[in-house]
Amino acid sequence: MNFENLPAELEIKDESLFKFIQTAAKIGVWEYDIQNSSVTWSDETKRIHGVPLTYIPKLEKGINFYREGHSRFTITQVLKKCIENLENFDEELQIKTAQGKYKWVRAIGRPTVIDNKCVKVIGLFQDIDKKTCNAINLANREKQLRLNFEHSSVGMAMLDLGGTWISVNNSLCQTFGYTKDEFLKLKYIALSHPDELIESKKVLSNMLLGKLNNYQQEQRYISKDGHIIYAYLSISLIRDIHGSPLHFSAQINNLTSLFKNKKKVQTLLSRTKKQNSRLLNFAHIVSHNLRSHVSNLYMLLNIAKEDTPKLFENEFVPMIDEAVNQLGETIENLNEVATITSSKMEHLVSINLLEAFNKVLKTLSALIAKSNAELILHIVPTVNIQGIPAYIDSILLNFITNSIKYKKTNKAPKIEITSQYYENTVCISIKDFGLGIDLNVYGNKLFGMYKTFHNHEDARGIGLFISKNQIEAIGGRVEVKSEVNIGTEFKIYLQKA
Amino acid sequence: MKNINTACIIDDDSTYIFCLKRIMKTANFCNTIKVYNNGKHALDHLKYKMENQMELPDVILLDLNMPVMDGWQFLDQYMKIKKKKSIPIYIVSSSIDPADKNKLSTYPEVTNFISKPIDKKKLNNISSQLVN
């Protein structure tokens with residue numbers, strides 16, 4: 001709108017036409033008479049401000065309708081310039097209506113000059129709120145889309161109908177190693193893997209012919225430096241409202257690292273399988289050949305002991321005897337360990353916890369009596385766990401025996417056994433008040449092989465290792481809490497039956 | 001206690017055979033000991049003896065791991081022979097493989113499984129079992 005030719009006085013011949021124009025276009029007129037210090041607003045101007053038609057405007061109040069900050073500052077400035085420097089103004093600013101709503105308005109003003117002095121300012125006032133808000137929203141949405149496009153971790157692109165790249169995002173550039181400028185000089189098929197070139201051409205032409213609307217496929221591409229890229233392509237043809245093709249839209253998901261990892265895992269798996277079978281072989285060898293030789297040594301020494309007892313009267317032969325015994329024991333331990341390395345999850349049965357404990361306590365009745373052990377059992381008869389009977393016996397036996405073995409010197413052992421449900425497991429707590437273990441020192445070695453923490457003659461160093469392995473083979477886990485000279489608590493979590 | 005005339009050892013480990021013979025002697029286990037170093041050797045001889053009505057052993061102590069024909073293969077072939085007299089067979093092995101122990105049940109010819117090392121006590125157990 002060019003207001004250069006706006007008359008000095010607004011003389012309207014047809015009052016009703018004038019009013020119609022104002023209302024239809026949401027344009028109001030206003031006038032500031034400097035000499036009289038009076039302000040006149042047309043009805044539409046009043047409507048835009050949200051004030052009643054009886055409202056009498058004043059300059060100060062008029063300015064205060066403008067939103068604090070940029071809008072108010074600007075209107076004050078341009079009004080001042082208009083009066084002092086005779087400058088026109090045309091600003092898009094925000095006002096706060098009498099109802100408290102913010103509105104975008106266009107404020108236009110020009111000075112009425114008499115004798116080089118401004119005597120009046122007249123102007124127009126237009127409600128442009130809807131248009132402005134829409135424009136702002138659109139701009140924001142466009143910005144969002146652009147940001148999404150740019151920063152998406154998926155490669156995104158647009159191609160023209162000839163298959164040349166028109167727009168590419170950062171991710172795509174990173175994947176292929178080309179800059180944006182380099183991309184725009186290339187055609188889509190330039191990046192195809194040679195084996196997939198023909199297919200790629202067919203896809204694009206089929207989409208243009210209307211035989212295909214979109215296409216998804218794992219694809220191979222060649223990067224700028226000649227490497228193969230494994231990707232997932234999703235491409236579609238975008239048409240206008242009349243159905244004419246506009247351009248192609250493509251998303252290319254770089255799967256190369258995924259692919260490489262999969263290969264790594266496969267290699268690792270096959271290596272592990274080979275190693276596993278080698279270990280099983282070894283276990284078999286231990287299980288048989290070593291045992292045969294140790295058993296021969298045992299027999300020879302026993303025969304010698306009976307036949308020629310004099311042989312044992314020096315220092316060496318008894319030590320050979322002892323060494324053979326220890327060798328035998330080590331092999332036994334290794335056997336125990338070797339047989340529990342495999343998971344037993346398919347062979348689990350339901351076992352009543354209280355019955356299992358009672359059985360074990362009966363087995364240990366002699367030891368319990370001898371050590372004067374006090375056993376407190378708080379297990380509800382309805383608790384059932386999943387496990388293998390032999391393992392459960394072995395586990396319970398080991399922990400209870402340990403609690404008795406590692407009692408405080410000169411004090412009878414006291415053991416508290418409780419069970420409770422924890423999520424879908426049963427937590428069995430075996431708590432003793434014995435010697436305790438310094439977890440700061442032994443911490444994660446606790447369940448290791450051949451690790452002992454006390455100078456007890458019976459400390460084999462393998463019980464906890466075997467028990468932990470057995471617990472884990474039946475899908476459970478074990479935790480420990482301990483303080484030296486206070487006691488130890490083992491918490492065994494097993495699956496609920 | 002000597003109620004066993006001939007004991008038959010089928011094993012390839014010479015040290016073990018030496019020890020076992022000695023222990024059998026001190027335990028007064030039997031009169032005669034016959035040794036075969038592998039299953040085939042034993043099978044051929046036993047077959048021959050059966051066919052010619054010769055004297056057969058009163059007990060067989062059979063090892064599992066042997067060359068040429070191992071314990072299980074021996075048993076497979078032995079089961080096929082028509083026998084007038086059934087000889088008690090004890091499998092003696094240093095194997096602790098539970099698969100081996102489970103296989104026992106499929107061989108009714110086998111009386112029991114004994115693990116090495118053998119001592120006097122184990123031999124006496126065999127003797128007393130054979131009385132019954």
Side-chain angles (χ1 to χ4, degrees), chain A residues 277 279-309 311 320-344 346-347 388-391 393-394 462 466 470 473, chain B residues 7 9-30 33 35 37-39 61-67 69-74 90-104 113-126:
Chain A
S277 71
L279 282 171
L280 279 169
N281 258 338
F282 175 74
H284 182 76
I285 293 170
V286 167
S287 153
H288 184 264
N289 291 1
L290 285 177
R291 285 193 105 237
S292 300
H293 299 315
V294 170
S295 120
N296 282 347
L297 285 169
Y298 273 145
M299 288 201 284
L300 285 167
L301 282 164
N302 281 333
I303 293 169
K305 233 183 255 178
E306 268 195 36
D307 238 38
T308 19
L311 213 58
I320 295 176
D321 193 29
E322 179 57 26
V324 170
N325 280 329
Q326 288 181 335
L327 180 61
E329 245 188 70
T330 306
I331 293 176
E332 288 300 328
N333 291 349
L334 285 176
N335 274 328
E336 276 186 69
V337 166
T339 51
I340 54 164
T341 48
S342 53
S343 157
K344 298 275 179 262
E346 316 88 56
H347 303 122
I388 295 174
Y391 279 19
D393 286 345
S394 164
I462 205 154
I466 290 176
Q470 287 173 328
Chain B
I9 306 174
I10 310 178
D11 201 308
D12 66 322
D13 184 340
S14 52
T15 313
Y16 164 74
I17 291 169
F18 168 84
C19 292
L20 186 52
K21 278 167 132 175
R22 272 304 202 95
I23 300 174
M24 281 178 171
K25 190 157 153 219
T26 19
N28 231 352
F29 185 69
C30 56
I33 302 171
V35 177
N37 288 118
N38 65 56
L61 298 175
L62 173 68
D63 184 26
L64 285 179
N65 295 66
M66 291 177 290
M69 189 189 267
D70 70 18
W72 298 118
Q73 290 164 333
F74 169 85
Y90 287 83
I91 290 187
V92 183
S93 181
S94 41
S95 163
I96 47 138
D97 191 350
D100 280 336
K101 294 213 177 121
N102 289 338
K103 234 175 156 175
L104 269 188
F113 185 108
I114 301 176
S115 48
K116 293 181 183 174
I118 292 207
D119 53 20
K120 215 155 106 173
K121 193 164 142 197
K122 290 184 185 176
L123 284 179
N124 287 337
N125 285 342
I126 298 177

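This structure is a prediction, so every number in the text was calculated from the model and none was measured. First the proteins, then the strands, lettered A, B, ... as listed; each starts at 1.
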Does A:Asp393 have any salt bridge (charged side-chain N to carboxylate O under 4.0 Å, His left out) partners at least two apart in sequence or in another chain, and if so, which? A:Lys359

Rounded to the nearest 0.5 Å, how far apart are CE of A:Met299 and CZ of B:Arg22? 12.5 Å

Which bit of B:Asp13 comes within less than 4.5 Å of chain A, counting heavy atoms only: side chain, backbone, both or neither? side chain

Might you work through the side chain to side chain contact (heavy atoms under 4.5 Å, CB included) test for A:Leu300 and B:Phe18, ending with a clear yes or no? CA-CA 9 Å; A:Leu300 285 167; B:Phe18 168 84; 3.9 Å; yes

Contacts of B:Ser14 meeting side chain to side chain contact (heavy atoms under 4.5 Å, CB included) (sequence neighbours excluded), chain-then-number -> none

Partner set under ring pair (Phe, Tyr, Trp, His ring centres under 6.0 Å) for B:Tyr16, not counting sequence neighbours: none

Output the residues of residues 301-309 of chain A for which the shortest heavy-atom distance to chain B is under 4.5 Å, in residue-number order; output 'none' if no such residue exists. A:Ile303, A:Glu306, A:Asp307

Please find the pair of heavy atoms, one from A:Arg291 and one from B:Ser94, that lie closest to each other, and give the distance. NH1-O, 3.0 Å

Heaviest contributor of heavy-atom pairs below 4.5 Å to chain A, chosen from B:Asp119, B:Ile118, B:Leu64, is B:Ile118

Could you grab the distance from atom OG1 of B:Thr15 to atom NE2 of A:His293, nearest 0.5 Å is fine? 8.5 Å

